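Remarks on the structure that follows.
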2 protein chains.
Amino acid sequence: MKKEITIYDIAANVGLSPTTVSRALSNHPRVKDVTRNKILHAAKDLGYQSNIFASSLRKRRSNSIGVIVPKLNSAFQSSVLAGMEKIATQAGYNLIISQSVESLDKEISNTNIMFNSRVDGLLVSKAGTTDNIEHFQPFFQKNIPVLFFDRVPENNHCTGVVINNTQAIYDATAHLIKQGCKRIVHVLGNLQINVYADRLKGYKYALMDHGFVFDSANVITDELDEDSGERIVEKILKLHPRPDGLLISNDTSAASCLMALKKRGVKVPEDMAIVGFNNDLISRMVEPNLSTINYPSYHMGEVAMKNLINHLDDENQEILQKTNTITLRSALIIRESSQRTT
Amino acid sequence: MKKEITIYDIAANVGLSPTTVSRALSNHPRVKDVTRNKILHAAKDLGYQSNIFASSLRKRRSNSIGVIVPKLNSAFQSSVLAGMEKIATQAGYNLIISQSVESLDKEISNTNIMFNSRVDGLLVSKAGTTDNIEHFQPFFQKNIPVLFFDRVPENNHCTGVVINNTQAIYDATAHLIKQGCKRIVHVLGNLQINVYADRLKGYKYALMDHGFVFDSANVITDELDEDSGERIVEKILKLHPRPDGLLISNDTSAASCLMALKKRGVKVPEDMAIVGFNNDLISRMVEPNLSTINYPSYHMGEVAMKNLINHLDDENQEILQKTNTITLRSALIIRESSQRTT
DNA sequence: CTGAAAGCGCTAACAA
DNA sequence: TTGTTAGCGCTTTCAG
């Protein structure tokens with residue numbers, strides 16, 4: 001292994017102290033321009049590469065931010081990540097990314113790895129099934145900021161970036177009612193996840209406000225994956241009277257339901273109006289186009305990252321303390337799948 | 001800032017030397033079991049957290065692997081990343097991820113950041129427009145392994161993980177010919193990218209082998225994005241005689257074309273047979289379902305990461321030297337969009 | 001099986 | 001504006 005070029009070599013080369021070299025290299029203002037240039041030149045000549053390990057060791061910060069998502073291969077999450085990456089890179093932070101694959105154990109393990117990697121901050125969208133946030137305790141204790149997005153824990157003192165899920169589904173439900181739907185089924189994921197719990201509320205409120213009676217038979221929970229359509233439609237068509245409105249908590253599942261319905265000769269939107277969620281590409285590609293809720297995923301990534309970094313850059317580190325929840329605007333997009341030509 | 005617990009504190013606590021503590025903590029065999037347990041206990045009691053900066057500084061490796069993709073928010077890339085994450089985490093490596101957003105400048109900048117972050121290895125899918133790999137020189141010089149996947153540079157000595165793009169499109173073209181198509185248009189991305197250049201070859205070979213004459217008017221290059229359908233279909237319908245087969249290099253664009261065609265009353269597959277590429281979710285959700293090429297993206301992520309790590313773990317570090325290209329199996333999936341009931 | 005000592009490369013007090 | 005000095009916390013010879 002060739003010996004590394006260090007600031008000492010540069011110092012020797014230009015006849016200055018390592019301190020000055022260090023300062024010049026990190027753009028410290030108290031270095032004469034001439035000196036700085038001389039040093040920068042020498043550094044380039046010698047093929048110097050700064051050693052971040054030494055620097056991090058000394059400075060006690062890694063300049064990297066950890067991100068834990070439930071699944072990397074999801075249209076929503078990858079869009080969030082893209083937004084985060086953009087902001088982080090701009091600000092000079094590295095992104096260490098891992099996925100919990102919806103498992104609490106994996107999330108715990110990932111959290112520990114992030115802690116041991118000494119990330120300067122952590123962004124998390126929680127894995128499904130529990131609200132346990134014990135494993136973030138080491139972060140809280142060391143005052144390392146943890147910011148949740150989309151799937152945030154309930155009753156916590158951490159900041160979260162979310163959309164108003166309740167309002168979103170409220171609007172969608174009201175829309176279906178306005179389209180003349182008499183029996184609206186709501187399909188969603190695990191109710192232990194805040195996102196779905198909130199949506200259920202929105203659904204109930206909207207029914208209530210429009211004089212409908214809530215019936216738990218109209219609520220179906222499912223994985224919402226690509227194959228969910230068959231399962232869901234099977235259940236729906238067994239209901240009497242047959243539902244005529246369908247509110248599905250993601251577009252993949254909504255598209256899958258749409259296919260299953262068409263296969264059975266159920267006409268959309270005439271016999272069954274559908275609203276999805278997320279405004280994924282797929283909602284614009286199926287036929288009829290899916291009405292859906294626009295979820296500003298890329299923007300959510302940007303906002304979450306921006307806030308975390310602002311907090312890190314803030315001397316007093318109180319930005320996140322003062323904020324509790326940042327809510328982004330989502331909006332109902334009405335397309336053919338729910339528009340009835342009554 | 002509370003003082004960190006170090007191995008010195010542990011050493012003092014149990015009355016041993018830091019050396020022994022270090023050894024015990026990293027499972028060195030030459031430590032008595034009793035001693036090791038005593039140390040492990042003390043470490044836990046004191047709330048010890050190992051300092052990877054110091055460790056990395058000393059060991060000269062980061063235990064992290066860099067990944068540079070063109071775009072994070074792509075179904076294909078996020079699936080690759082998911083595969084990589086799984087393997088990396090299993091092997092105890094962190095993943096530092098960044099995107100070049102198809103810009104060479106950004107790719108260069110990302111590469112430098114990765115280099116300065118001292119990743120132990122680098123996985124890259126190249127940004128579009130150039131074949132320049134000068135910016136990886138620092139890695140080559142320091143013998144840090146760089147492994148390309150999907151979009152690999154031409155004529156290089158680096159290992160790459162790819163599919164046989166030529167064969168894939170050859171098969172698809174042959175399939176369309178067998179379905180009775182007389183004029184087949186091939187839509188692909190920037191031909192400077194190996195992936196598309198190879199596909200064009202496959203298209204040409206297949207035409208040749210079946211007695212068709214290649215006509216450059218039948219080749220269209222495009223962004224292949226969500227809105228590409230209108231542009232592409234516009235061009236196609238101007239051709240005389242009108243094409244009856246369409247080979248599109250990704251499913252998003254293929255779906256978009258499908259919509260544009262239907263809008264104009266062109267029947268698929270009767271008037272126009274379509275084959276896409278990737279086997280994205282969307283190919284199974286549009287109507288008619290898209291014939292496509294199955295691209296083993298998740299698997300590609302696993303394989304690329306596995307090979308990189310094997311190389312890193314290999315004492316002689318010659319695994320990648322000996323390999324040049326790893327080709328994964330892809331396969332034509334025939335669905336309704338290209339099946340003619342002749 | 002355990003320990004002493006040296007040093008990885010950098011930065012931040014403090015001093016000049 | 002520049003320099004001296006002292007670590008940050010760990011691992012690794014080498015020696016016992």
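Everything numeric in this text was worked out from a predicted model, so none of it was measured.
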Please list, by residue number, the residues of residues 47-58 of chain A whose heavy atoms come closer than 4.0 Å to an atom of DNA chain D; answer none if no residue qualifies.
-> A:Leu57, A:Arg58
In whole Å, what is the span from the CD1 atom of B:Ile7 to the P atom of C:dT2?
-> 15 Å
Per the side chain to side chain contact (heavy atoms under 4.5 Å, CB included) rule, which among B:Ile68, B:Ile97, B:Val69, B:Val67 passes with B:Leu123?
-> B:Val67
Is any side-chain heavy atom of A:Glu4 less than 4.5 Å from a side-chain heavy atom of A:Asp9?
-> no
Does the distance from a Lys or Arg side-chain N to an Asp or Glu carboxylate O, for A:Lys71 and A:Glu102, drop under 4.0 Å?
-> no
In whole angstrom, give the distance that lies between atom CD1 of B:Ile5 and atom C1' of D:dC10.
-> 16 Å
Is the distance from OP1 or OP2 of C:dC10 to the nearest side-chain N or O of A:Ser22 less than 4.0 Å?
-> no
note: B:Arg118, atom CZ; C:dC10, atom C1'; distance rounded to Å ~ 11 Å
Find the distance A:Asn63:CG to C:dC10:C1' and express it as a whole number of Å.
-> 14 Å
More 5' along DNA chain D: A:Leu16 or A:Tyr8, using each one's nearest nucleotide?
-> A:Leu16
Rounded to the nearest 0.5 Å, how far does CD1 of A:Ile108 lie from CD of A:Glu134?
-> 9.5 Å
Just compare D:dG9, D:dC10, C:dT2 and give me whichever is closest to any side-chain atom of B:Arg23.
-> C:dT2
B:Thr19 side-chain N/O to C:dG3 phosphate OP1/OP2 under 4.0 Å | no
Carboxylate-amine/guanidinium contact A:Arg151 A:Glu107, below 4.0 Å = no
Answer yes or no: side-chain N or O of A:Arg60 and base N or O of D:dG9 forming a donor-acceptor pair under 3.5 Å.
-> no
Whole-Å distance between D:dG9 P and B:Ile10 CD1?
-> 12 Å
Euclidean distance, atom NZ of residue B:Lys59 to atom C1' of C:dG7 [Å, nearest integer] = 17 Å
Flag side-chain contact, heavy atom, 4.5 Å: A:Val124 against A:Phe149 = no
Look at B:Ser17 and C:dT2 and indicate whether a side-chain polar atom (N or O) is within less than 4.0 Å of OP1 or OP2.
-> no
Any side-chain heavy atom of B:Phe148 within less than 4.5 Å of one from B:Ser125?
-> no
Measure from CD on B:Glu4 to P on D:dC8 and round the result to the nearest Å.
-> 11 Å
In whole angstrom, what separates B:Arg61's CZ from D:dT11's C1'?
-> 14 Å
Phosphate OP1/OP2 of C:dT2: any B:Thr35 side-chain N/O under 4.0 Å = yes
